[in-house]
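Take a look at the structure set out below.
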Amino acid sequence: MSAFNLTILRTYAQTNPSKLPPSVLFSHSATSLTVYDAFPKAIFHFLVLPRAPEPSAGAGSELANLRQLLSGDKARAQQVLASLRADAHALRAEIEEEMLARYGFKWGIWTGFHGAPSMDHLHLHVLSDDLCSDRMKNKKHYNSFHPKLGFFLDIDEVLSWFDADPSYYSTMAKLDAKHYELMLKEDLSCWRCNAHMKNIPTLKTHLQEEWDAEAKREKAKIERRRKMEEKSAQVAENS
DNA sequence: GTTCTAGAAC
DNA sequence: GTTCTAGAAC
């Protein structure tokens with residue numbers, strides 16, 4: 001299979017999950033598949049895709065991307081998104097468990113869509129907010145996840161459009177690719193502290209430092225809690 | 001989406 | 001001189 005394959009996710013979505021290799025598939029439910037992102041931009045990075053066993057799910061189908069989904073039946077779109085959200089929620093719990101097991105603390109997890117995705121078939125990104133990865137290589141990669149730029153659309157935000165004024169819904173549902181792609185060209189800045197970053201290598205060093213600092217704080221917090229509990233257990237024992 | 005690389009930036 | 005980015009090819 002060539003690396004130039006922007007429809008691989010659709011292939012996955014149409015395949016019986018039991019036929020997918022464990023290197024690709026993390027888990028599945030009745031309605032979705034969770035796959036490992038092939039080029040993870042953080043320590044944990046998964047994609048949750050709606051399953052599409054019918055061969056109808058081609059390029060122009062409602063499941064091609066978020067824009068296509070939102071341009072169709074509104075109730076159906078809401079149902080698809082709510083289902084993905086529920087499966088992503090369960091995945092987040094598993095990621096947190098793994099964070100504790102492997103790193104001794106847990107940190108933030110983002111769940112959302114790209115405003116202008118490059119790969120076909122609707123996919124919900126679920127990734128840890130460290131953004132520390134060898135695969136994070138350029139401005140486009142980084143800005144596509146920057147939570148303050150607008151390109152990354154949190155699933156809860158997208159679902160809130162359904163409860164907003166219908167004119168607001170139709171405005172947001174347009175998802176004009178040109179409009180979103182401009183956001184990817186914004187200057188680099190740290191999403192945590194807003195500091196301006198001169199270039200990608202500087203940003204990556206900074207992100208690593210930010211995450212290391214968080215790890216240190218969180219582990220210290222856990223240690224303080226453990227000592228407190230140890231003390232109160234002793235007090236209870238001696239009374 | 002990634003890889004490759006010319007030439008800009010330093 | 002080296003580092004880094006951005007656009008074309010895939």
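Here the structure is a predicted model, which is why all the values come from computation and not from measurement. Chain naming here is simple, since letters A, B, ... match the order of the sequence lines and numbering starts at 1 in each.
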Tell me what A:H123 touches on the nucleic acid: a base, only sugar-phosphate, or nothing, going by heavy atoms under 4.0 Å.
nothing
Atom pair distance, as rounded to whole Å: CZ in A:R135 and P in B:dG1:
14 Å
From CG of A:D37 over to C1' of B:dG1, roughly how many Å is that when rounded to an integer?
9 Å
Using a cut-off of under 3.5 Å, enumerate the N/O to N/O pairs linking the protein to nucleotides 3-9 of chain C.
residue: C:dT5; atom: OP1; partner: A:I200; partner atom: N; Å: 2.9

For the pair A:S128 (side chain) and A:A42 (backbone), establish whether a donor and an acceptor sit closer than 3.5 Å, ignoring hydrogens and angles.
no
For residues 210-223 of chain A, please give each side-chain donor-acceptor pair under 3.5 Å, one per line with the distance, not counting sequence neighbours.
residue: A:E210; atom: OE2; partner: A:H206; partner atom: NE2; Å: 3.1
residue: A:D212; atom: OD1; partner: A:Q208; partner atom: NE2; Å: 3.0
residue: A:E214; atom: OE1; partner: A:R192; partner atom: NH1; Å: 3.0
residue: A:E214; atom: OE1; partner: A:R192; partner atom: NH2; Å: 3.3
residue: A:E218; atom: OE2; partner: A:K221; partner atom: NZ; Å: 3.2
residue: A:E223; atom: OE1; partner: A:R226; partner atom: NE; Å: 3.2
residue: A:E223; atom: OE2; partner: A:R226; partner atom: NH2; Å: 2.9

Do the ring planes of A:H45 and A:F145 sit parallel (below 30°), tilted (30 to 60°) or perpendicular (above 60°)?
perpendicular
Please check this pair: side chain of A:S133 against backbone of A:P40, looking for a donor-acceptor N/O pair closer than 3.5 Å.
yes
Taken to the nearest whole Å, CG/A:N65 to C1'/B:dG1 is 15 Å
B:dG1 phosphate, OP1 or OP2, under 4.0 Å from A:K41 side-chain N/O
no
Please output the side-chain donor-acceptor pairs of residues 157-164 of chain A that fall under 3.5 Å, not counting sequence neighbours, one pair per line with the distance.
residue: A:S160; atom: OG; partner: A:E157; partner atom: O; Å: 2.6
residue: A:W161; atom: NE1; partner: A:E157; partner atom: O; Å: 3.4

Is the distance between the ring centroids of A:F151 and A:H114 under 6.0 Å?
yes
